[in-house]
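A short worksheet on the structure shown next.
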Amino acid sequence: MQFMIDAPLDMHLHLREAEMLQLVAPLSAAHFAGAVVMPNLLSPVDSHQKLSAYRQAVVDAAGDDSFTPYMTLFFRPYTKTELETVRDHIIGIKLYPAGITTQSEAGVADFEAIGETVALMEELQIPLLVHGESNGFVMEREREFLAIYRWLAKSFPRLPIIMEHITTADTLDILDEFPNVAATVTLHHLMLTLDDVVGGLMQPHLFCKPIAKTPHDLQALQTAVFSGHPRILFGSDSAPHPTHAKECCGCAAGVFSAPVALPKLVELFAAEDRLDMLADFVTNNAQRFYGISPGPKTVHLQSKAWTVPQAYGTVRPFLAGEKIQWQVTAIEK
Ligand code: NCD
Ligand code: ZN
Ligand code: ZN
C-alpha cells in the first residue's frame, strides 16, 4: 500500500544546538516541510539577535531548503518595539512556567505580571504557545493549569493560543469553549499511559513532561485526534537528550521521536482506518490556524516494515528496536 502527504508539519520540535542540532535537524528535515522550533536553549532565545543566529544555525544544520523552521521566542516581558522588530521572524512566543520542564528556569513565575506583554501580542497578532502545567502534583499539573488557559482565552479573545502537548481529557474541553485556542498532540501521548512509563520496569526514554496520563485520558486524546478535530495539530515534542542524560540518576525529560513520528502516525491512522484524516492533523489544521503555507514537499510512504535503530548518534529514539509498518520511500520537492 502507498500513501502520500503534502507538506507535513511538526508544530512542536526541539532541535537544540551544536552537535545535537547537527544530528537531529536533518532527521526532521527529511520527513517534514516545516517545524515549530522551540526556544528553550541553555541561554533561551529571547532577543532578535539570538533568534536570527539560531535560525541561521537551524537552516545550516537542516541542509534542506524544502524545510522551513518556524521560529519561536522565549516568553519574557517584551516592549512593543521589541515585538514589532521580531514579529515577521517568528511564528509565536513560547511561554514556560518557571522551572516546570527542561531549561525553563527563566520562565514565568508570576502569571499576574504577564498581561501587558500578552496584550501587546494580541494587538500585534503574535500567537502564544504555552507549556501548560502548574507546579502541583505531577498527575494534576495540566488540570490545575486549565484555569490559566481559560483566563488567557477569555481575556485575550483575539489572541491565537496553543496549548502545547496536551495530555488530559479535561484539556480538550477548552477547545470547545474558545475558538481562539488550539492544541498540539504528540505521537507518544497518543500511545502511552503512565503505566508504560513506570508500571513495570521504569522506562527513562518514555519519561517526558507532561508525563503520560491515565487510560481514560489516552482514549480521549485518541478519539479527538482520530475524529479529526479541526484545532488539534500534530506536534511531536521530539526532545533529544544524550543517552547518558536519560539513563542515569536524575533522568532528563523528553522523548526523541523525530525519525519515527511520520511513519508511525501513518501506521496508527491506517490501523484506525482513518488515513483520510491524517493530512488535517499533520498539516491542514496547522496551516489554517497559523495562516502558514509551507512546501512544496510531498512525502511518499509505503507499507513496508522497518526496524527502528537502537540509536541515532548519541540519542536513543522512541520505539528503538521496534518494527514500524510504514516507511518514507520518496520525497518530491
Ligand atoms: C522538553 C525538552 O527536553 O526540551 N522536554 C519534555 O519532556 N517535553 C521540554 C518541553 O517540551 O516541555
Ligand atoms: Zn513543554
Ligand atoms: Zn517541548
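Just so it is clear, the model here is predicted, and its values are computed rather than measured. Excluded from the calculations below are hydrogen atoms, water molecules and symmetry mates; all remaining heavy atoms, backbone and side chain alike, are included. In listed order, ligands and their atoms are each counted from 1.
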Task: Phe32 and Phe234 aromatic ring geometry - parallel, tilted or perpendicular at 30°/60° bounds - done: parallel
Task: Rounded distance (nearest 0.5 Å) linking atom CG of Leu21 with atom CG of Asp60 - done: 9.0 Å
Open item on the list: Within 2.8 Å of the Zn ion (ligand 3), is there any N, O or S atom belonging to His12?
Closed with: yes
Task: Backbone or side-chain N/O/S of His131 under 2.8 Å of the Zn ion (ligand 3) - done: no
Open item on the list: Please classify the Arg16 to ligand 1 contact at 4.0 Å (heavy-atom distances, strictly less than): side chain, backbone, both or neither.
Closed with: side chain
Open item on the list: Heavy-atom distances under 4.0 Å decide this one: backbone, side chain, both or neither, for Gln103 against ligand 1?
Closed with: neither
Task: Verdict with supporting geometry, Glu267 and Lys264, salt bridge (charged side-chain N to carboxylate O under 4.0 Å, His left out) - done: CA-CA 5 Å; Glu267 183 187 296; Lys264 189 67 189 183; 2.7 Å; yes
Task: N/O/S atom name from Asp237 that is nearest to the position of the Zn ion (ligand 3) - done: OD1
Open item on the list: Check this for me: does any side-chain nitrogen of one of Lys154 and Glu177 sit under 4.0 Å from a carboxylate oxygen of the other?
Closed with: no
Task: Salt-bridge present (Lys333, Asp64; N to O < 4.0 Å) - done: yes
Could you list the atoms of ligand 1 found under 4.0 angstrom from a heavy atom of [X]?
X	result
His12	11 (O)
His241	3 (O)
Cys208	7 (O)

Task: Exam field: side chain Gln125 to backbone Arg158, donor-acceptor pair closer than 3.5 Å - done: yes
